[in-house]
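Along the sequence shown, the residues carry numbers beginning at 1. The structure presented is a predicted model; accordingly, all values stated were derived computationally and were not measured.
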Amino acid sequence: MTERQEQAAPDALLTRIGQIVMLHHGGDREEARERLLGLWAELGEDGDPLHRCTLAHYLADTQDDPSDELAWDLRALSAADELTDGREAGDTGHEGAGAVRGFYPSLHLNLAADYVKLDRPDAARTHLRRARAACAVLADDGYGNGVRAAIGRLELRLDTEGGAAGEGNWGPPRQRP
């Protein structure tokens with residue numbers, strides 16, 4: 001029974017994250033940010049890497065300052081790396097490592113978009129290359145095609161504008177790992 005409860009706990013937190021993301025998509029960015037920050041405080045810096053990756057990924061979307069957005073996207077990538085480098089894989093009670101591999105194209109694309117907003121085109125191009133290289137794991141479906149299209153749009157923008165800062169829908173659709 002205890003083992004079953006431990007396996008349900010990660011799903012419960014991901015469900016809570018998903019509910020808050022729906023709040024954000026409904027237009028309440030500030031409330032979503034506060035609730036996600038509350039979950040981050042509850043989880044802690046040493047919490048499950050899959051949960052930290054997911055939370056940080058969505059927290060990035062709720063930031064007003066591009067530097068803050070970058071910081072959260074970097075936290076998401078760091079947590080993903082913990083799952084896929086063998087330090088945590090298999091120890092978390094779920095298939096987090098496999099799920100996160102499919103998330104790398106989006107993680108790197110979001111970092112590239114952050115760097116464009118911060119007028120750092122070289123860093124943006126580095127992450128675009130990493131995003132493109134990681135696309136092999138994506139399915140030929142709406143999400144995978146959306147990520148590939150977003151990479152193409154941002155590459156085109158960097159090629160034509162030289163990476164000038166600004167707003168735009170350059171990132172991929174967000175999906176939890």
Side-chain angles (χ1 to χ4, degrees), residues 2-21 24 32-63 65-115 117-118 120 122-139 143-144 146-148 150-151 154 171-177:
T2 303
E3 181 179 324
R4 186 177 212 160
Q5 288 173 337
E6 289 173 4
Q7 289 178 351
D11 293 339
L13 186 57
L14 291 177
T15 298
R16 290 170 64 194
I17 294 168
Q19 291 168 339
I20 296 169
V21 169
H24 177 235
R33 178 175 46 237
E34 292 306 314
R35 289 186 187 191
L36 289 169
L37 285 170
L39 285 180
W40 184 264
E42 183 181 316
L43 182 60
E45 292 282 334
D46 296 321
D48 179 278
L50 177 63
H51 295 152
R52 285 187 288 117
C53 177
T54 305
L55 268 171
H57 188 61
Y58 288 116
L59 265 161
D61 280 347
T62 66
Q63 302 306 304
D65 183 311
S67 295
D68 294 336
E69 186 175 356
L70 173 63
W72 284 109
D73 278 330
L74 287 169
R75 284 182 186 102
L77 181 62
S78 178
D81 287 344
E82 286 181 40
L83 277 165
T84 58
D85 72 4
R87 286 182 286 166
E88 296 290 334
D91 295 335
T92 59
H94 50 70
E95 296 296 319
V100 170
R101 281 187 197 95
F103 212 34
Y104 272 101
S106 174
L107 292 171
H108 284 292
L109 176 56
N110 286 313
L111 284 164
D114 296 342
Y115 285 121
K117 291 176 191 174
L118 293 167
R120 295 178 56 191
D122 291 338
R125 285 184 183 90
T126 296
H127 283 281
L128 276 174
R129 283 191 299 275
R130 291 175 184 165
R132 179 72 69 194
C135 278
V137 301
L138 295 177
Y143 177 74
V147 171
R148 284 186 283 274
I151 291 169
L154 193 51
R174 296 274 179 162
Q175 175 179 329
R176 69 178 168 189

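- Taking CG from Leu59 and CZ from Arg33, the interatomic distance works out to 9.0 Å, rounded to the nearest 0.5 Å.
- With rounding to the nearest 0.5 angstrom, the CD1 atom of Ile17 is 8.0 Å from the CG atom of Leu50.
- Nearest heavy atom pair, residue Ala76 against residue Ala56, reads N-CB, 3.5 Å.
- Using a 4.5 Å cut-off on side-chain heavy atoms (C-beta onward), Ile20 and Tyr58 make no contact.
- The CD1 atom of Ile151 lies 7.5 Å from the CG atom of Leu138; values are rounded to the nearest 0.5 Å.
- Closest of all the heavy-atom pairs between Cys53 and Ala79 is N-CB, 3.5 Å.
- For the atom pair CG of Leu55 and CG of Leu14, the computed distance is 8.5 Å after rounding to the nearest 0.5 Å.
- Qualifying side chain to side chain contact (heavy atoms under 4.5 Å, CB included) partners for Leu74, counting only residues two or more places apart in sequence or in other chains: Leu70, Leu111, Tyr115.
- Across all non-hydrogen atoms, the minimal contact from Asp48 to Leu43 is N-CD1, 3.9 Å.
- With rounding to the nearest 0.5 Å, the separation of CG in Leu128 from CG in Leu154 is 4.5 Å.
- Across all their heavy atoms, Ser106 and Val147 have their closest contact at N-CG1, 4.4 Å.
- Each of Arg132, Arg129, His127 was scored for a side-chain hydrogen bond (donor to acceptor under 3.5 Å, both in side chains) with His108, with one residue passing: His127.
- Pairing each heavy atom of Ala139 with each of Arg148, the nearest pair is O-NH2, 2.9 Å.
- Distance check, rounded to the nearest 0.5 Å: CG of Asn110 to CG of Leu77 gives 10.5 Å.
- With sequence neighbours excluded, no residue forms a side chain to side chain contact (heavy atoms under 4.5 Å, CB included) with Asp46.
- Arg75 is linked by a salt bridge (charged side-chain N to carboxylate O under 4.0 Å, His left out) to nothing, counting only residues two or more places apart in sequence or in another chain.
- Ala32 and His24 make their closest contact through CB-CB, 3.5 Å (heavy atoms, listed as atom of the first residue, atom of the second, distance).
- Partners of Arg130 by side-chain hydrogen bond (donor to acceptor under 3.5 Å, both in side chains), not counting sequence neighbours: none found.
- Tyr104 places a side-chain heavy atom less than 4.5 Å from the side chain of Asp81.
- Residues in residues 34-45 take part in these salt bridge (Lys or Arg N to Asp or Glu O under 4.0 Å) pairs, two or more places apart or across chains: Arg16-Glu42, Glu31-Arg35.
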